[in-house]
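So the structure is just underneath, and the comments pick up after that.
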Protein chains: 2
Amino acid sequence: MLESAAVRIVLDAMGGDFAPRNPVDGAVLAARTFGQPIVLVGQEEAVRAELARHDLRGLDLSVHHAPEVVAMDEPAPAETARTNPDTSIARGIALLRHGQADAFVTMGHTGATLAAASFRLGRIHGVRRPALASPFPTLAKPCALVDVGANADVRPEFLLQFAIMGSAYASAILGHPTPRVGILTIGEERGKGNELVHEALPLLEASALNFIGNIEGRDIPSGSVDVAVMDGFTGNVLVKFAEGLARLVQQVLNDAARSDPVSMLGGLLMRPALGRARHQMDYRQYGGAMLLGVRGVVVIGHGRSDAETIKNSVGVAIRGVEAGLVQTIADAVARQPVPRLAAPVAAE
Amino acid sequence: MLESAAVRIVLDAMGGDFAPRNPVDGAVLAARTFGQPIVLVGQEEAVRAELARHDLRGLDLSVHHAPEVVAMDEPAPAETARTNPDTSIARGIALLRHGQADAFVTMGHTGATLAAASFRLGRIHGVRRPALASPFPTLAKPCALVDVGANADVRPEFLLQFAIMGSAYASAILGHPTPRVGILTIGEERGKGNELVHEALPLLEASALNFIGNIEGRDIPSGSVDVAVMDGFTGNVLVKFAEGLARLVQQVLNDAARSDPVSMLGGLLMRPALGRARHQMDYRQYGGAMLLGVRGVVVIGHGRSDAETIKNSVGVAIRGVEAGLVQTIADAVARQPVPRLAAPVAAE
């Protein structure tokens, strides 16, 4: 068997709520786990200070300096992404662009990363809008939600491309050989939905995808669909709603386990099993969302990610590179002509 | 203290997945609990057969015949609602229209009920679109979600009215004296959202509501908002997604409690507390959604409701009538002029 080429990952050391500590810890863990070279991009001194806490023997870890940082609450991320080439996000993506790395991973500002990737890497030929794909847990394999926030306002033909890209993602990253693609709407019957869904439906039906038709909100956690296609407004609301619900359920369970001595004992006995259940439901184990449709593998994890999650994000990026996801998407998009149903929207 | 007038409830005996049994059981329970007169509308023979299983002494329960039923999977509910006056939904709403009852409660077809109520009761003067309000559980009082499915495509000024009506509902039904109203979008900053949200925001800011600005999906379960305003597509997706998630969490917890003998014992000990927690999170305890903006109190419960939930739906209807919710909404809508931002949409 031939030795496969190294996958060179650039990890944003300054991204996320606990940077540079967590990204550095995650990079060390990832380098040890996957044996691939990792470049930490960020303020060199701060990054090296964190690295000094680790035993780095045998690990292929390097630091690429970037003097500036996009704050997690940056108010004008798109502007910053376009005008400032010195942030860790911009410099990390530049390494990708210049062929010095294969994938970029960040826990940093989502909007800034989207903008920097679109602006500095560019879109795959034919892709109308890049989209953010996120795995969502089910009892079986996770379901891919596309788009979870890159595009608040979309057009029907964008949804067709989200489906094409999401299908490639679900196959390469989530392990669905022939992903079942559904369009998220408000009823199973063909006529149910808003205008966007009505117009997108015939495009999806005419595609070469394994399209199963309308799905409802409940079909995502039930695992009856592998790729759920939606506009980025709905997707972003859903993902954050699930996050809030998870916190609420956790709180309610904790309260239940403290409500009386018998329940406390029960909670104690159930703790390991509940921990496993919690892990099963924790979308962070899947390592973050992937930006589909740009000329490179870009993974964006949650700002609160710990080292384990960051390591998983690196794993997702490696899988994306090894599967040739960018080329797969380019081929799939090229095969599927996308009609222009009306005048292009302003932003294009 | 003056004796308050009786609140006359019409309950659709044929609505829901377990009709007429569950609606009849719910009606008996409600009549016993609230001491108010209840009219069961539906196929008289079938309804009387179910009533015969109960001890009805002292209860003010009557039957109003309706020969036809809207099936739960009726493919053309709006058409049926307009053209068929003989369904239990149409006849029940006719009783309301003719002043023979104060509120209509159904576990039946949501779309058919929306259409029948809009067509046969009519909208409150000035209301552009009726909307469906649903309570959502938090650790404190429930949050009102408006709209959860009456309007798949909306205009900014509709959202303003959803906020006005939702605020009246949250105050009258959910016990929020001065409800905090937020608009659901994809970021806390002012500029975050889709075009709809961008256009609705200044209308809400200029209103007399207790408007707290943008909210995200996670703010609903966290209880940081009392009225979450959204288009009916997003709302319907959210509610069904939560339903699916609840089922998934239940399944995962059940599996956890069966995974090994120690966990089984723990699960057994925790069962009462978990049961209480589950009840706390069960939106069905709140008794269903309310249709706001029509000339009457209309409550639509879940098709799978049991007798207890149906009783709670009747309770919601009684509260709506006693609080004078229809008049409150009429007054609030009259006080708040709604701009026409563009050409009216086709359906109006």
Side-chain angles (χ1 to χ4, degrees), chain A residues 73 75 111 137-139 149 152-153 184-187 189 191-197 216-222 230-234 236-245 247-249 251-253 255-257 259-260 262-263 265-274 276-277 280-281, chain B residues 73 75 111 137-139 149 152-153 184-187 189 191-197 216-222 230-234 236-245 247-249 251-253 255-257 259-260 262-263 265-274 276-277 280-281:
Chain A
D73 57 354
T138 75
L139 283 182
D153 289 291
L184 183 65
T185 184
I186 59 174
E189 310 82 39
K192 287 297 189 84
N194 55 13
E195 283 171 31
L196 175 69
V197 169
E216 296 186 89
R218 64 172 75 96
D219 296 317
I220 295 169
S222 79
M230 61 199 78
D231 66 87
F233 181 89
T234 305
N236 192 269
V237 162
L238 272 192
V239 167
K240 289 176 179 165
F241 182 62
E243 214 181 296
L245 275 181
R247 247 179 260 166
L248 177 63
V249 168
Q251 180 71 45
V252 167
L253 289 178
D255 290 353
S259 54
D260 58 271
V262 174
S263 303
L265 177 58
L268 218 59
L269 296 176
M270 274 193 78
R271 189 175 287 173
L274 284 178
R276 287 193 300 275
Q280 188 184 350
M281 288 300 96
Chain B
D73 56 355
T138 75
L139 283 182
D153 289 291
L184 184 65
T185 184
I186 58 175
E189 310 82 39
K192 286 296 189 85
N194 55 13
E195 284 172 31
L196 175 69
V197 169
E216 295 186 89
R218 63 171 77 95
D219 296 317
I220 295 169
S222 79
M230 61 200 76
D231 67 88
F233 181 88
T234 306
N236 193 268
V237 162
L238 273 192
V239 167
K240 288 175 179 164
F241 183 61
E243 213 180 297
L245 275 181
R247 245 178 261 166
L248 177 63
V249 168
Q251 179 72 45
V252 167
L253 289 178
D255 290 353
S259 53
D260 57 272
V262 174
S263 303
L265 177 59
L268 217 59
L269 296 176
M270 273 193 79
R271 188 176 288 174
L274 283 178
R276 287 193 299 275
Q280 188 185 349
M281 288 300 96

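Chain letters run A, B, ... following the sequence lines, proteins first, then strands; residues in each count from 1.
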Next on the checklist: Checking the side chain of B:Asp153 only, and the main-chain atoms of A:Glu195 only, is there a donor and an acceptor separated by less than 3.5 Å?
Outcome noted: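 Yes: the side chain of B:Asp153 pairs with the backbone of A:Glu195.
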Given a strict heavy-atom distance threshold of 4.5 Å, which part of [X] is in contact with chain A: side chain, backbone, both, or neither?
X        : result
B:Asp260 : side chain
B:Ser259 : side chain
B:Leu245 : both
B:Val249 : side chain

Chain B contact via [X] - side chain, backbone, both or neither, heavy atoms under 4.5 Å:
X        : result
A:Thr138 : backbone
A:Asp219 : neither
A:Ile220 : side chain

Checklist outcome for this item: Counting heavy-atom pairs under 4.5 angstrom with chain B, the leader among A:Ser263, A:Gly267, A:Gly111 is A:Ser263
Leading residue by heavy atom contact count with chain A [cutoff under 4.5 Å; candidates [options]]:
options                                : answer
B:Leu268, B:Asp231, B:Asp73, B:Val262  : B:Val262
B:Lys192, B:Glu216, B:Met230           : B:Glu216
B:Gly244, B:Gly187, B:Ala257, B:Pro272 : B:Gly244
B:Thr234, B:Leu184, B:Leu265, B:Val197 : B:Leu184

Would you say that [X] contacts [Y] through its side chain, given a criterion of any heavy-atom pair below 4.5 Å between the two side chains?
X        : Y        : answer
A:Leu196 : B:Phe233 : no
A:Leu274 : B:Leu253 : yes
A:Arg247 : B:Pro221 : no

Next on the checklist: Nearest 0.5 Å, please: how far is CZ in A:Arg218 from CD in B:Glu243?
Outcome noted: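 Here the rounded value is 4.5 Å.
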Checklist entry - Roughly how far apart are B:Asn236 CG and A:Thr185 OG1, rounded to 0.5 Å? => result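 Those atoms lie 8.0 Å apart.
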Which pair of non-hydrogen atoms, one from [X] and one from [Y], has the smallest distance, and what is that distance?
X        : Y        : value
A:Leu139 : B:Gln251 : CD1-CG, 3.1 Å
A:Ala242 : B:Phe241 : CB-CE2, 3.8 Å
A:Ala152 : B:Ile186 : CB-CD1, 3.9 Å
B:Pro137 : A:Leu248 : O-CD2, 3.8 Å

Item to check | Electrostatic pair B:Asp255:A:Arg276 at N-O distance under 4.0 angstrom | outcome: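 Salt bridge between B:Asp255 and A:Arg276, a charged N being under 4.0 Å from a carboxylate O: no.
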